[in-house]
Each structure stands twice: as structure tokens, then as C-alpha cells.
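Down below is the structure, laid out as C-alpha cells.
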Amino acid sequence: MAAEVVAVDIASVQASQLGMKALGAGIAVGLTGIGTGVAEMGIGSAAVGAVAENKDMFGLALLFTVIPETIVIFGLVVALLLLFV
Amino acid sequence: MLKPKQMSRLLIAASRDQMAPVIAELYRFNLFHIEDYVDAGAEGYEGFKIGSPLSGASEKSADLIKIRAITNAVSLSADNVDAGPSCSMDELQTKIERELPLLEREVEELTVRRSKLDAREKELEQKITEITPFADIPVDLNLYHGYKRFTTIAGYVSREVILTVPCEMHVSKRDGKNFIVVVYPTERRSEVEKILQEAGFQSVPVPNESGSAKGRIEFYTGEIADTKKEILEISTQLEDVKKKHASFLVACEELLKAEVDQTEAPLRFATTKQTFVAEGWVPADQVTVVTNSLIHVTEGKIFVTVVPTDPEHDSVPVEYNNPDFAKPTEVLMDIYSRPGYTEVDPTLMVSIVFPIFFGLILGDVGYGLILLIMSYWLRKFLKDGDGRQLLDVLRNASLSSIFFGIIFSEFLGFAIPGWNPVLYSRHLMSEHGGHGPNIPELMVLSIWIGILHITLGRLLSMYNHAKQDHGHHRTMAVLANFGWLSVMWGIIIVIWSVAAVPLMPDLSGLSAVATAPGTGFGLNPAAVIGGVLVLVGIVFIARESVLEVIELPTIVSHVLSYARLVAVGLSSVAIAMVVNYMSITMFISPALENFSIFGIVMILVGIAVFLLGHTLNIALGILGGGLHSIRLHYVEFFTKFYKGGGRKYIPFGMKRRFTEE
């Protein structure tokens with residue numbers, strides 16, 4: 001009887017740990033996504049303005065715009081590590 | 001390879017009567033990048049003036065303008081015409097003299113008629129909008145005017161209004177606004193205006209028409225339809241002209257452009273009364289050919305010499321020098337910046353590494369095949385140079401995508417049956433064949449790629465600085481780059497010394513040789529070496545510029561940034577698997593088990609989900625695979641060594657597509 005209760009407890013603890021991991025992964029991607037979005041907002045609008053003035057700026061503008069993308073990639077990496085490692 | 005083409009500065013001097021043959025010969029070669037002569041009293045050029053165009057320049061320009069007017073009118077662009085059978089110059093010349101004026105008249109007539117009709121259509125539409133408010137008022141339009149003692153006004157008021165003046169007033173409600181028409185005795189004008197002004201009156205012109213308003217609107221609508229029909233007819237006629245004369249028009253434009261370019265070339269030369277001097281750049285290996293040929297056409301009455309140059313201070317035009325397979329990648333380089341004349345041209349490296357990155361991100365045989373077909377199919381629409389180059393890049397990338405698809409055993413998100421992933425699996429669900437995903441290994445693999453890529457970038461930077469800089473600054477710059485490398489590898493060795501990482505050497509087992517002061521933490525030889533490398537590196541970086549030290553964290557972030565190769569790739573795998581799961585497991589399989597009418601609907605929905613989902617994923621794949629790969633080059637790789645800013649080499653001449661020499 002006691003052994004069964006312990007087994008059920010362990011199973012539920014494991015399940016909730018799995019759920020926590022999934023939550024953590026979701027939060028990691030979600031928050032970093034918001035961060036990237038906020039960061040790219042300003043850069044993106046300025047970049048579009050610059051490109052409208054001078055088409056040669058395109059490469060540089062694209063470069064500046066995608067710099068904050070690293071943040072969300074970090075989030076994705078953390079999420080993957082949480083879920084699979 | 002890895003270096004722009006070597007250029008030589010050529011100085012050509014001859015008497016003025018040789019100008020035409022020399023220009024024609026240079027144009028034919030399409031190699032001479034003219035250095036425009038600026039009348040700024042440069043040393044050795046005292047008394048020279050900017051030349052004047054050759055004879056016939058204005059007539060030819062006028063002809064060219066005519067041709068361009070026609071091609072504009074029929075919206076024809078040479079980029080969208082396949083290079084057809086070339087016509088000879090004489091043939092074209094006679095054709096231009098004979099046919100061009102006729103064609104011009106025809107097209108002009110049509111375009112003038114079309115613009116007149118366009119104007120008429122606008123006018124009619126304007127009339128309709130003017131009459132529309134009066135449609136609800138049951139008074140004929142001819143009753144609004146023709147009075148001596150009465151005035152008619154019409155317009156909108158914000159609220160209902162009562163006029164104390166004797167008058168005839170009609171009110172109608174339109175779109176929540178009150179529209180009124182008032183006919184009042186002219187001598188009471190000031191009173192009426194005052195009352196109306198208080199009611200927020202906005203006046204509308206009273207149309208000068210007769211008959212009922214609705215009838216007029218119908219009449220004008222009919223007129224507009226007729227006008228539209230006529231415009232359409234003219235457009236089809238113009239389209240016919242375009243079809244019939246397209247090859248002639250583009251050939252004409254090309255011929256005339258060549259002639260205008262040549263007749264206007266002297267505007268870029270330095271001339272005196274009797275002579276002219278042209279300076280420009282020619283690829284070093286072509287100098288003798290060009291020189292000999294110039295001497296030949298002028299029968300020796302010319303002076304051509306190579307002027308000594310200083311590659312650092314003269315801005316030498318830059319022409320890529322790449323093997324054929326790397327040529328398409330030049331378009332990606334030009335988007336960023338053309339390499340400088342003295343620095344390493346990384347096009348070749350990008351052309352190899354970019355498809356590999358793309359394949360790592362979008363490694364899927366199915367998607368690769370679709371992109372490959374797309375890169376050939378889109379050729380129908382993109383006929384100009386840059387577009388074609390981009391398609392070539394896409395082709396290379398999709399080939400790499402197919403290759404990595406085989407390695408990862410993926411086909412539209414499914415495992416390839418009977419084929420296990422070579423090395424590492426990216427399948428997120430184990431039932432899709434083999435074991436689950438090897439995330440840690442893949443992640444470390446991408447980090448390794450990052451470490452090597454960045455190391456290569458820093459080594460190139462050391463080479464560039466060693467080549468371009470001088471004296472003390474050169475040593476500093478080279479050492480600073482060595483410092484960056486040293487810090488990066490130092491950090492890596494320290495990590496190895498404390499933790500076992502898959503796919504990387506494990507140095508954590510070494511016995512401790514020292515204790516970290518204050519913490520009692522054992523340091524093994526690897527940790528000590530790593531620490532020393534970091535410190536030495538920081539010293540070298542700070543010696544060049546202390547401010548650079550705050551950039552140190554970018555070492556970590558740049559290396560980790562390469563994890564996107566796996567992360568973005570896995571997200572695309574995940575989307576593909578979800579799409580497959582939804583369409584097959586949720587819709588198609590159950591429907592096939594219990595076959596019924598409803599089952600057919602389920603199957604159709606399943607197929608729709610499948611197509612829609614994979615289309616979306618391909619679009620994301622191009623964006624993700626392409627943008628992230630190129631970004632890794634632009635941000636992580638190029639910032640280490642690449643300056644760019646080279647001047648484009650624009651040789652005087654053209655590639656003839658429709659005409660012969």
C-alpha cells in the first residue's frame with residue numbers, strides 16, 4: 001500500500017516536472033521573442049527610412065535589423081536544451 | 001580568387017582626329033573603366049578642357065529618346081526580352097530610318113488618344129459625383145438656373161434649418177447629412193447666407209445640366225463604359241505593337257544607346273584644341289591586348305602607357321575575380337558592400353559556406369527539390385543579371401538542402417523510409433524512425449562551426465591588417481586580432497577544463513595543479529593555460545584600444561549565435577511534423593479507416609492542411625534559411641575582418657544582346 005502511494009507520488013512529481021520544463025521552454029521563447037520584437041521595432045523603422053532614402057543602405061539596414069535576433073535564438077536554444085537534454 | 005582583379009591605370013593620348021576610332025575600339029573591348037576628367041586644374045593637366053561630344057550626338061540622343069518613349073508607352077523592358085537573333089548594324093540603321101518615324105507616329109497617336117480618353121473618363125466621373133447629391137431631389141436639373149431675380153444654392157448643413165425668407169427649399173438626407181437646395185430672391189442674399197452659415201453650411205456647385213438627375217447619372221455611366229471600352233481597345237492595339245516590334249525596339253534601343261555612349265564619351269576626356277587624353281583602368285592582364293589594338297586602329301598615331309599607381313590612395317575600381325561557381329554569390333557581397341581593392345575578397349568562402357548553412361537549417365529532400373524546381377521556374381520571369389544571380393544562389397542552396405536532407409533523412413518532415421540519419425537525427429518524435437533528436441550533439445556541432453568560422457574571420461583580419469597597415473599601428477592591429485582569438489580559445493579551454501562537453505575534448509579529468517585563490521577551487525593545467533590565454537588576449541586588445549574591452553562579451557554571443565543553425569532548423573522540422581501530424585493522423589488516416597461521404601471531406605481538408613502548411617513552411621524556410629545564413633556571414637563573420645566600400649568597376653562598353661558589332 002505504502003509502496004503504491006510512493007510510486008504514484010513519484011509519477012506525479014515526474015509529470016509535473018515535465019510540465020514545468022515545457023512551461024519554462026515556452027516562457028524562454030516567448031519572452032525573448034518579445035524582447036527581440038521590441039528591439040527590432042526601432043531599428044526596423046529607422047532602417048526602412050534609411051533604405052527609402054538610399055537603396056544602397058539595404059545590406060547594412062538588414063544587418064542592423066537582424067542584430068537583436070540573437071536574443072530570440074538564445075531563447076530557442078534554452079528551450080531546446082530544457083526539452084531535450 | 002580571394003582577391004579582386006589586378007587593375008592597371010592606362011593613359012591614352014592622341015590627336016583629336018583619332019578620337020572616334022579610339023572610342024569605338026574601347027567600347028568594343030568593354031574593358032576600359034573611364035576615370036572622368038574633372039576640370040579642377042590637376043597637376044599636369046593645365047590648359048586642358050572637358051571634351052565636347054562627337055558629331056551626331058544630339059540626333060542620336062533624340063532618336064534614343066523617341067525609342068524610349070515608345071518602349072515606355074508599350075511598357076517594354078529589355079530585361080524581359082530574350083536575346084533574339086542579332087541583326088547587323090546596317091540592317092538596323094536602314095530600319096531605323098524607314099520604320100522608326102512611322103512607328104513613332106502610330107504609338108504617339110495611340111497614346112495621345114488614350115490620355116485624352118483617360119481625361120474624359122475623369123471628367124465624366126467628376127460630373128457624376130457632382131450630380132449624385134441632387135438625385136434625391138424631385139426637381140429637374142434645368143429648373144436650377146436661368147432666373148434673373150432668383151439665386152440657387154446647394155450644399156450640406158449639419159442640422160435642419162428653417163429659412164425665414166420666402167423661398168423654395170428641398171431637403172434630402174444622404175449618408176447622415178442634410179443636403180439642401182434653396183432657390184431664393186437675390187435681394188435677400190445676405191439674410192439667407194447668415195442663416196445658413198449658422199447652420200454650418202458647406203456649399204456644393206449646382207450642376208449646369210438639364211433633365212432629371214438620375215437620368216443624367218445613367219447617361220454618364222454609359223459614357224464612362226464606352227470610354228473604358230475604347231481605352232481597352234487602344235491598349236490591345238499598343239500590346240499588338242509591342243508584340244510585333246519588340247525585338248526591333250530593343251535592338252534599336254541597344255544600338256542607339258551604344259552610339260550615344262560613344263558620341264558622349266569625350267565629355268569624360270581631357271582635351272586641348274588638337275589632342276585628347278583619356279585615363280582609366282583596365283584589368284592588368286588585358287593591358288597589352290588593349291594597347292596593341294589601339295595602336296593598330298590608329299596606325300600608331302597614339303600614345304598609350306601604364307601609369308604607376310598607389311593602390312592605397314588611388315581608389316581603384318574593383319572587379320571580382322572568382323571561379324564560375326562562386327560568381328552568383330557576388331550579388332550577396334554587393335548587397336553588403338563590394339570588397340576594397342587591397343583586402344581579401346571573401347566571395348569564394350561565402351559561396352561555399354552559405355549553401356552549407358542553408359542546408360543545415362533547411363535540410364529536407366522534399367523542400368530542397370521544390371526550391372530547386374522553383375529556382376529554374378522563376379527564370380522565366382527574372383531575366384536581368386541580379387535576379388538570375390540570386391536564382392543561382394537559390395539553386396546552390398537547394399542542392400545543399402537536398403544533400404543535408406539525405407544526411408538527416410528528411411522528406412517533407414517525414415523520415416525517408418529505410419534510411420537512418422547519418423551522424424545525427426533531427427526527428428523530434430522517435431516513432432518517425434530511429435532514435436529521438438540528438439540535440440546536444442547538434443548544438444555542439446553548430447558551436448564548433450561558429451568557433452571555426454570566427455577563427456577564420458580573425459585570421460583573415462590579421463592578414464588584412466598585415467597587408468594594409470604600416471609601422472606601429474600594423475603590429476598593434478595584428479596583435480589585437482590575435483588577442484581576440486586568444487580570449488576566445490582561452491574561454492573555450494577553461495570550459496573544457498571544468499565540464500565534459502560532447503564532441504569536445506574533455507580536460508576536466510586532469511589533476512589540479514593549483515588552487516584558485518580564495519575559493520579553494522582546484523585548477524588543472526588546462527584551466528591555467530586557458531586563463532593565461534584570456535589575460536594575454538585582453539592585454540593585446542586593450543593595447544590597441546581600451547574601449548574595445550567592453551566588446552568582450554560579443555565573443556560569447558557571436559559564437560552562441562551559430563546555435564541558430566540547429567535551432568532554426570529544428571523549428572522548421574517541428575512545423576513540418578506538426579503539419580504532417582495534423583493532416584495525416586487527424587484527418588486522412590481516420591477517414592480512410594471508416595470510408596464514407598464525410599470521409600472524403602476529411603481527406604480533402606487533410607490535403608488542404610498539408611499543402612497550406614508545407615507552403616508556409618517553405619516560405620519560412622527560405623526566409624529562415626536564407627536570412628539567418630547570410631546574417632551569420634554579415635554580422636558574425638564579416639565584422640571580424642571585412643571593410644568593403646570598394647568602387648564598382650564599370651567598363652566603358654556593353655554586352656550586346658540584340659545587335660552585332
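Chain letters run A, B, ... following the sequence lines, proteins first, then strands; residues in each count from 1. All values derive from a computational prediction rather than experimental measurement.
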By a 4.5 Å heavy-atom criterion (distance strictly below it), what part of A:F74 contacts chain B: side chain, backbone, both, or neither?
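Only the side chain of A:F74 comes within 4.5 Å of chain B.
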Under 4.5 Å between any side-chain heavy atoms of [X] and [Y], yes or no?
{"X": "B:V344", "Y": "B:M349", "value": "yes"}
{"X": "B:I447", "Y": "B:V501", "value": "no"}
{"X": "A:E69", "Y": "B:H628", "value": "yes"}

Evaluate ring-ring contact (aromatic ring centres under 6.0 Å, His included) for B:Y320 paired with B:Y649, printing each intermediate quantity in order.
CA-CA 9 Å; B:Y320 292 106; B:Y649 167 71; over 10 Å; no
If you measure only the distance, is there a donor-acceptor pair under 3.5 Å linking the side chains of B:N617 and B:Y367?
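Looking only at side-chain atoms, B:Y367 and B:N617 do form a donor-acceptor pair, the distance falling under 3.5 Å.
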Please tell me whether B:S572 and B:R426 have a donor and an acceptor in their side chains that are separated by less than 3.5 angstrom.
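There is no such pair between these side chains.
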Non-hydrogen atoms of chain A under 4.5 Å away: do they reach the side chain of B:L627, the backbone, both or neither?
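Contact with chain A involves the side chain of B:L627 alone.
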Residue-level interface, residues 557-565 of chain B with chain A, non-hydrogen cut-off under 4.5 Å
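Those residues of residues 557-565 of chain B which have a heavy atom under 4.5 Å from chain A are B:S557, B:L560, B:S561, B:A563, B:R564.
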Atom pair CG/CG of B:L362 and B:D364 - distance to nearest 0.5 Å:
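Going from CG on B:L362 over to CG on B:D364, the span is 6.5 Å.
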